[in-house]
Amino acid sequence: MASFKRYVAVLAFLSWVIISCNKGSDSSVIKEKGYEEFTTEVVGLSGICFSNDKASLFAVSDKYGIFELNTDGSTKRKFSYNGANDFEAITADPVTGNIYLADEGQMNLLLLSANEQSVSLVTHITINGGVSNKGIEGLAYGRDTLYAVNQQSPTLLIKYSLGSHMEATRTVLSFATYLSDIFFDASDNSLWICDSYQKKIFHCNCNGGLIASQDIDFVAKAEGIVVDRTANVAWIGCDQTGKLYRIKLTI
């Protein structure tokens with residue numbers, strides 16, 4: 001019996017050593033590459049945002065609706081809403097839990113109902129001379145304001161005040177080529193924007209002034225972004241592959 005117990009103890013110790021070594025190896029690889037890559041089942045992954053507790057991510061597909069993803073890319077649930085929308089972006093108010101969506105086809109900003117069964121119009125966005133399928137592509141909630149980006153022709157940052165129910169400002173972002181998503185960073189009241197053509201993420205002030213940029217050329221088509229400054233990482237969703245990336249920030 002004593003020999004058997006010693007055998008079990010040795011096996012347990014060796015298992016711990018192997019697991020620890022594997023973790024160390026994974027960490028080394030991640031440190032070397034600067035990112036982790038996860039597979040999701042979301043086809044046409046077009047936008048992401050944090051859930052209210054930041055333990056998971058809400059994601060939209062321009063074909064298949066709204067999902068909640070675990071941080072390893074696995075699906076936690078699919079939302080019950082099943083309307084025929086061209087969703088390209090999603091964001092949430094961390095205090096109220098309200099979820100807002102951008103429908104590029106209709107150029108509408110929408111509010112998801114509390115029971116997740118329907119959507120209501122927040123505002124319609126008109127872009128004079130706008131190009132079909134190059135419209136509202138990103139959306140972020142920040143301090144009673146919705147920040148939206150028009151993808152191209154022109155590359156616009158649009159601020160919409162939820163308090164006054166009016167559009168506040170429009171700013172052309174001359175540094176951008178193809179705006180794909182936007183995130184409001186409450187840690188310093190700034191914005192993070194991804195550009196799927198340039199394969200970059202931009203850090204900006206809330207007026208669209210460029211602070212810094214970082215290359216993400218390993219992401220085929222970045223169309224979703226959220227940032228965790230405490231962990232110094234950005235989460236990027238890829239529309240082309242459906243993959244989710246956890247990227248170390250260098251800016």
Side-chain angles (χ1 to χ4, degrees), residues 43-49 59-64 83-91 100-110 119 121-142 145-162 165-185 190-217 219-227 234 236-242:
V43 178
L45 178 55
S46 300
I48 57 175
C49 73
V60 288
S61 163
D62 52 7
K63 299 176 179 66
Y64 300 109
N85 298 90
D86 179 16
F87 288 143
E88 293 289 349
I90 185 168
T91 191
Y100 299 91
L101 300 138
D103 183 322
E104 183 184 33
Q106 299 296 320
M107 292 293 284
N108 289 333
L109 304 186
L110 305 166
V119 293
L121 180 67
V122 175
T123 190
H124 174 75
I125 304 292
T126 300
I127 306 291
N128 293 328
V131 178
S132 177
N133 202 37
K134 299 185 189 301
I136 299 300
E137 191 77 15
L139 189 64
Y141 175 89
T145 298
L146 290 179
Y147 295 87
V149 286
N150 192 69
Q151 189 170 65
Q152 195 178 47
S153 301
T155 49
L156 278 179
L157 169 64
I158 300 169
K159 295 184 192 179
Y160 179 82
S161 171
L162 291 167
H165 307 288
M166 293 178 61
E167 191 174 305
T169 61
R170 290 188 176 197
T171 305
V172 175
L173 302 183
S174 58
F175 57 81
T177 302
Y178 213 70
L179 300 175
S180 302
D181 201 11
I182 186 169
F183 174 80
F184 175 80
D185 189 342
S190 64
L191 300 173
W192 296 82
I193 299 171
C194 56
D195 185 316
S196 59
Y197 270 19
Q198 295 189 66
K199 296 188 176 183
K200 292 179 180 288
I201 54 177
F202 299 107
H203 188 203
C204 307
N205 63 37
C206 283
N207 295 317
L210 182 61
I211 299 170
S213 66
Q214 178 175 336
D215 291 333
I216 51 168
D217 53 6
V219 183
K221 192 179 181 184
E223 290 208 359
I225 183 170
V226 296
V227 170
I236 303 291
C238 179
D239 176 86
Q240 183 171 309
T241 64

Quick one: closest heavy-atom pair of [X] and [Y], and the distance?
| X | Y | answer |
| --- | --- | --- |
| Gly142 | Phe184 | CA-CD2, 3.4 Å |
| Thr145 | Lys159 | CG2-CB, 4.2 Å |
| Ala222 | Ile216 | CB-CD1, 3.8 Å |
| Thr177 | Gln152 | O-NE2, 3.4 Å |
| Glu88 | Ile136 | CB-O, 3.8 Å |
| Ser61 | Val43 | OG-O, 2.5 Å |

*Which of these, Val149, Ile211, Leu157, sits in a side chain to side chain contact (heavy atoms under 4.5 Å, CB included) with Leu191?*
Leu157
*Checking side chain to side chain contact (heavy atoms under 4.5 Å, CB included) against Leu110, which of Ile90, Val122, Asp103 comes through?*
Asp103
Straight-line distance of [X] [atom1] to [Y] [atom2], nearest 0.5 Å:
| X | Y | atom1 | atom2 | result |
| --- | --- | --- | --- | --- |
| Thr155 | Phe175 | OG1 | CZ | 8.0 Å |
| Leu139 | Tyr160 | CG | OH | 12.0 Å |
| Leu109 | Ile158 | CG | CD1 | 8.0 Å |
| Asp181 | Ile201 | CG | CD1 | 12.0 Å |
| Leu101 | Ser46 | CG | OG | 11.5 Å |
| Ser153 | Lys134 | OG | NZ | 7.0 Å |

Any heavy-atom pair between the side chains of [Y] and [X] that's under 4.5 Å?
| X | Y | result |
| --- | --- | --- |
| Ile125 | Arg170 | yes |
| Tyr100 | Leu162 | yes |
| Asn108 | Val119 | no |
| Thr91 | Ile182 | no |
| Tyr197 | Ser180 | no |

*Mind running side-chain contact (heavy atoms from CB on, under 4.5 Å) on Asn85 and Val60 for me, showing each step along the way?*
CA-CA 10 Å; Asn85 298 90; Val60 288; over 6 Å; no
Has [X] got a side-chain atom pairing as donor or acceptor with [Y]'s backbone, closer than 3.5 angstrom?
| X | Y | answer |
| --- | --- | --- |
| Asp195 | Tyr178 | yes |
| His124 | Gln106 | yes |
| Glu104 | Glu137 | no |
| Ser196 | Cys194 | no |

*Would Asn207 and Thr169 satisfy side-chain contact (heavy atoms from CB on, under 4.5 Å), going step by step from the backbone distance to the final call?*
CA-CA 9 Å; Asn207 295 317; Thr169 61; 5.8 Å; no
*Might you work through the side-chain contact (heavy atoms from CB on, under 4.5 Å) test for Ser190 and Asn205, ending with a clear yes or no?*
CA-CA 5 Å; Ser190 64; Asn205 63 37; 5.8 Å; no
*Please walk me through it: do Ile127 and Met107 pass side-chain contact (heavy atoms from CB on, under 4.5 Å)?*
CA-CA 9 Å; Ile127 306 291; Met107 292 293 284; 3.6 Å; yes
